[in-house]
Amino acid sequence: MEDWRRILADSVVKPKDLAERLGVDPKEIEDIVGDYPMRITPTVLATIKEKGDAIWKQVVPDRAELADADAEDDPLEEDLMSPVPHLVHRYPDRVLLMVTNQCPIYCRFCTRKRLVGKPGFLKKGELDRAIAYLREHQEVRDVILSGGDPLLLPDHLLERILKSLRTIPHLEVIRIGTRVPGSLPERITPKLCEIIKKYHPFYMNLHFNHPDELTPEVKRACGMLADAGVPLGAQTVLLKGVNDDPEIMKRLMHQLLLARVKPYYLYQADLTKGTNHFRTSVETGLRIIKALQGHTSGMAVPHFVIDAPGGGGKIPLLPGDYLVNLDEDSAVLRNYENNTYHYPQPGSTHGRELPMVGAHPSWGTTANGCDGGSDHL
Ligand SMILES: *Cc1c(COP(=O)(O)O)cnc(C)c1O
Ligand code: SF4
């Protein structure tokens, strides 16, 4: 058996193991793990410092999971947008393909709580059907392998999938969404990196929610992937009591950049049944973005999105304060320090010599410069 398999098998899965390791009364959680399985890898277990901390909350079952019985199992309506089993085609040019329902850890807030960790998932022939769908649909130029966690597949199966995807000429980009580097770093082996390298352009989005998750071993695993030429992005879920705080979030974003991972999305929590105790107000996320934008490197600012209930897809949100007014003459803008600036529209009657409210002295010289100037592209 490979090392990482042995380490995964050492995870806390049964309520009585949790009682031994963390002193939780097994009776408290027995009925929860019946519906929603638990798994806590050694790496994650070692990161828990005390009862109820940010890591604990993400992985230790909580009775609140049984409280929102009226909520929906699939609020994003993924199952309705699935032309063939395990494939979600919601956007014009890219699809999500769930290749397993196993994960290194079972996050208590998971959007796919309805299906992760349960027995029986990919049935014989289903993967072939999904690949046949991709082959027929020439508009699809990007496939995201998800689940569950694709990196829990054995190397030979993962390679088989990557190889068949690369026989589809119109498929440009392959991505994987994974929580493995942060929870089972031993899985990132030189052999896995050798396999992945052969299928570029290949991207990975890693799931991280708290700065304490970026241990030296985790950073080393991220570094191995980066050295294999994989551009790494991060997806973070905004979670009450875990990371709903601008200071924690800023530390997380800085730790990610140190691990060579570029923050990509910050998700507002979904309405999934069994996860509603993690939800925060929409203002919380906007406040976090405001605390990052301008105050620290733009590299450290993720897109804050809500995946719209009812299958609307990801919708980006920005604090409303940046664009004060926009008309055919000019844009009135407010920066992170709350100063106001005018940007004249091309061909407007207002010249650059007009006085500006609180303008920066260098305004007008860099607006179109190749350093990006004042535009946010
Ligand atoms: C998030 C998601 C994607 C990918 O979206 P990007 O914005 O391109 O990262 C594709 N399909 C589904 C169903 C998704 O939820
Ligand atoms: S690793 Fe991802 S898919 Fe698996 S339980 Fe966590 S959030 Fe859900």
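Every number for a ligand or one of its atoms is a count from 1 in the order of the listing. Just the heavy atoms: all of them, side chains too, but no hydrogens, waters or symmetry mates, feed the values below. What you are looking at is a predicted structure, and each value in this text was computed from that prediction instead of being measured.
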Using residues 305-317 as the side-chain source, report each donor-acceptor pair under 3.5 Å to any protein atom, sequence neighbours left out, with the distance given to one decimal.
none

Legend entry - Option passing side-chain contact (heavy atoms from CB on, under 4.5 Å) with M204 (candidates I174, V180, L151): L151
Inset, instruction - Report yes if some N/O of Y264 lies less than 3.5 Å from some N/O of ligand 1; otherwise report no. - result: yes
Inset, instruction - Taking only Lys NZ, Arg NE, NH1 and NH2, and the carboxylate oxygens of Asp or Glu, determine whether R187 and D155 approach each other closer than 4.0 Å. - result: yes
Legend entry - Shell of protein N/O/S atoms around atom 8 (Fe) of ligand 2, taken as anything under 2.8 Å: C110 SG
Inset, instruction - Run the numbers for me: atoms of ligand 1, each under 4.0 Å from some heavy atom of I144, listed by number. - result: 3 (C), 4 (C), 10 (C)
Inset, instruction - Run the numbers for me: atoms of ligand 1, each under 4.0 Å from some heavy atom of R94, listed by number. - result: 4 (C), 5 (O), 6 (P), 7 (O), 8 (O)
Legend entry - Sequence neighbours excluded - side chain to side chain donor-acceptor pair (under 3.5 Å) pairs with any residue from residues 60-78: D31-R63, E65-R108, E65-K113, D68-N276, E78-R112, E78-R114
Legend entry - Side-chain heavy atoms of N209 within contact of F109, under 4.5 Å: yes
Legend entry - Sequence neighbours excluded, every pair satisfying ring-ring contact (aromatic ring centres under 6.0 Å, His included) that has a member inside residues 80-108: H86-F121, H89-Y133
Inset, instruction - Sort out for me which residue in N325, L333, V332 forms a side-chain contact (heavy atoms from CB on, under 4.5 Å) with H342. - result: V332
Inset, instruction - Would you kindly specify which portion of N205 sits under 4.0 Å from ligand 1, judged on non-hydrogen atoms: side chain, backbone, both or neither? - result: neither
Inset, instruction - Taking S348 for its side chain and P344 for its backbone only, find out whether a donor-acceptor pair lies under 3.5 Å. - result: no
Legend entry - D327 backbone acceptor or donor facing Q345 side chain under 3.5 Å: yes
Inset, instruction - With heavy atoms of V88 as the reference, note each atom of ligand 1 found under 4.0 Å away. - result: 13 (C)
Legend entry - Residue portion contacting ligand 1 (non-hydrogen atoms closer than 4.0 Å) for M81: neither
Legend entry - Taking atom 12 (C) of ligand 1 as the reference point, the nearest protein heavy atom with its distance: Y91 CE1, 3.7 Å
Legend entry - Flag for T111-D270: side-chain donor and acceptor within less than 3.5 Å: yes
Legend entry - Any N or O of K314 closer than 3.5 Å to N or O of ligand 1: yes
Inset, instruction - Run the contact test for R175 against ligand 1 with a 4.0 Å cut-off on heavy atoms, strictly below, and give the result. - result: yes
Legend entry - Exam field: side chain K197 to backbone G229, donor-acceptor pair closer than 3.5 Å: no
Inset, instruction - Could you check atom 13 (C) of ligand 1 against the protein and tell me its nearest heavy-atom contact, residue, atom and distance included? - result: R90 NH1, 3.6 Å
Inset, instruction - Determine whether any heavy atom of I105 lies closer than 4.0 Å to an atom of ligand 2. - result: yes
Legend entry - Sub-4.5 Å side-chain heavy-atom contact between I32 and M38: no
Inset, instruction - Would you check the N or O atoms of Y265, main chain and side chain alike, for any that come under 3.5 Å of an N or O of ligand 1? - result: yes
